[in-house]
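Notes follow once the structure below has been shown.
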Amino acid sequence: MNAFKRFFLTMATITSKFIREAQKLPPLKMFLRAFSSAPQMELLPIRKELGKFEGGSVDLEMDEQTGIAVMTLNNPRRLNSMTGKMMVDMSDRITQLEQWKKGKGLILMGIGGNFCSGGDLTFVRKALHYGAEMATYQHHTLTRLLNLPLISVALLQGHTLGGGAELSTACDFRVMSPTAKVGFVQIKMGLTTGWGATTRLVHLLGRQKALGLLCSAKVLSAEEAKSEGLVDSVMMYGLSQEDEFTECKKWLVSNYCRHDSDLIQATKSSVVYSDLNRDLDTSLRNEREVFAQYWGGPAQKAALEANVKHNK
Ligand SMILES: C[C@@H](C(=O)O)C(=O)SCCNC(=O)CCNC(=O)[C@H](O)C(C)(C)COP(=O)(O)OP(=O)(O)OC[C@H]1O[C@@H](n2cnc3c(N)ncnc32)[C@H](O)[C@@H]1OP(=O)(O)O
């Protein structure tokens with residue numbers, strides 16, 4: 001056998017071994033689906049109990065044309081603070097979004113110019129025996145929100161306090177109205193975070209900033225929130241609530257949702273997978289698997305044909 005043939009055979013063996021290895025991996029989407037829905041059964045009794053605390057709703061609009069969904073907290077008389085029923089609603093809306101194949105982005109906002117002023121204190125007062133269960137339910141729901149295969153942004157207008165601030169950290173990004181306020185005021189309410197924000201803040205900002213925000217309970221202006229790194233963009237002054245929504249949507253679409261929904265979902269899912277594992281080998285193996293699905297596919301071929309230049 002000549003050297004060329006030997007080289008060719010060695011490469012073929014390595015390649016087929018790589019493919020066999022790759023085929024043994026659990027499919028990424030199956031893994032994420034299993035993660036997102038596995039403990040649902042255990043949560044059914046909590047869901048039933050929370051559903052009894054009526055008031056407000058969480059609504060969802062999904063635009064098939066643009067691939068952008070808007071999830072709205074709707075309890076305006078109480079500044080969109082969350083009741084038990086709203087927690088159940090939110091979980092159901094997230095189930096809808098988990099199944100949305102054509103989706104690209106999600107805006108989470110409150111109706112009437114406020115994001116969310118935390119737990120609805122009327123509900124909180126009636127549910128004082130139910131903290132551990134509520135936190136379990138909210139952890140599950142907000143982890144699913146964070147892990148949606150969509151690019152999510154919270155639009156912070158008016159008040160974002162306590163549980164509302166926690167909720168905002170379960171989105172990928174935060175855009176804030178210049179006159180809005182945000183604060184992790186739990187410590188002032190005799191609480192630590194119940195909806196997972198400590199974990200997410202440490203991850204997002206590092207332990208020192210997280211500790212500072214949580215222990216000071218400081219209510220931050222938009223500029224302060226931006227300089228802490230909590231907020232990604234502050235809108236210009238003088239816009240109406242509706243115009244702020246339009247600007248937020250433009251920000252999301254022009255920055256992160258211009259490309260194909262399949263690729264956006266694959267990219268977000270890979271980021272989530274990597275984050276869940278925090279294990280370089282597993283993460284890289286997964287990255288290869290996703291990469292291999294697209295290499296040589298129609299999108300790559302179209303880009304090659306279009307002779308895309310990245311300096312224009
Ligand atoms: C569950 C826990 C957790 O993290 O686990 C938490 O969320 S701790 C954080 C819980 N959230 C809070 O503690 C916020 C408490 N609320 C406030 O600090 C204040 O309302 C502000 C949010 C600063 C807004 O003051 P502002 O003077 O602009 O309006 P306001 O006080 O007249 O509020 C308008 C109406 O909304 C109600 N309202 C506001 N926030 C509420 C809440 N979280 N639960 C139930 N009702 C609430 C007020 O009682 C009032 O109803 P009436 O017109 O009927 O009087």
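Everything numeric in this text was worked out from a predicted model, so none of it was measured. Note that ligands are numbered from 1 as they come in the structure, with each ligand's atoms numbered from 1 the same way. Every heavy atom of this structure was used, including side-chain atoms; hydrogens, water molecules and symmetry mates were not.
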Using a 4.0 Å heavy-atom cut-off, which part of [X] comes near ligand 1: side chain, backbone, both, or neither?
X: Leu191; answer: side chain
X: Ser117; answer: both
X: Arg78; answer: both

**Request:** Scan Lys226, Glu223, Glu244, Met236 and name whichever one has a side chain to side chain contact (heavy atoms under 4.5 Å, CB included) with Pro178.
**Result:**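 Going through the options one by one, the only one that passes is Glu244.
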**Message:** Between Thr169 and Arg174, do the side chains contain a donor N or O and an acceptor N or O under 3.5 Å apart?
**Reply:** no
**Item:** Pair Gln186, Glu166: side-chain N/O donor-acceptor within cut-off below 3.5 Å
**Value:**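 Per modelled atom types, Gln186 and Glu166 side chains form a pair under 3.5 Å.
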Indicate yes or no: does an N/O atom of [X] lie under 3.5 Å from an N/O atom of ligand 1?
X: Thr122; answer: no
X: Gly162; answer: no
X: Thr192; answer: no
X: Leu121; answer: yes
X: Gly119; answer: yes

**salt_bridge(Lys250, Glu247) N-O dist < 4.0 Å** =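 Between Glu247 and Lys250 there is a salt bridge, with a charged N closer than 4.0 Å to a carboxylate O.
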**Message:** Between Arg47 and Asp92, does any side-chain N to carboxylate O distance fall below 4.0 Å?
**Reply:**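 Salt bridge present between Arg47 and Asp92.
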**Item:** Over all atoms of both residues, closest heavy-atom pair of Trp251 and Val153
**Value:** CZ3-CG2, 4.0 Å
**Prompt:** Can you tell me how far OG1 of Thr122 sits from CG of Asp120, rounded to the nearest 0.5 angstrom?
**Reply:** 4.5 Å
**Request:** Check ligand 1 against Glu166 and write out every atom of the ligand that is under 4.0 Å from a heavy-atom position of the residue.
**Result:** 4 (O)
**Request:** May I ask you to list the atoms of ligand 1 that are less than 4.0 angstrom from any heavy atom of Gln186?
**Result:**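 Close to Gln186: 4 (O).
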**Item:** Per-atom contact, atom 35 (C) of ligand 1, protein heavy atoms, under 4.0 angstrom
**Value:**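 Answer yes: something from the protein, a heavy atom, is under 4.0 Å.
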**Request:** Give a yes/no verdict on whether any heavy atom in Met82 is under 4.0 Å from an atom of ligand 1.
**Result:**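 Checking ligand 1 against Met82, which is what was asked, there is no heavy-atom contact under 4.0 Å.
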**Message:** Check for me whether the distance between the ring centres of Tyr130 and Phe53 falls short of 6.0 Å.
**Reply:**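 So the answer is no for these two rings.
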**Prompt:** In terms of residue, atom name and distance, what is the protein heavy atom nearest to atom 18 (O) of ligand 1?
**Reply:**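 Going atom by atom, the protein heavy atom closest to atom 18 (O) of ligand 1 ends up being Leu161 CD1, 4.2 Å.
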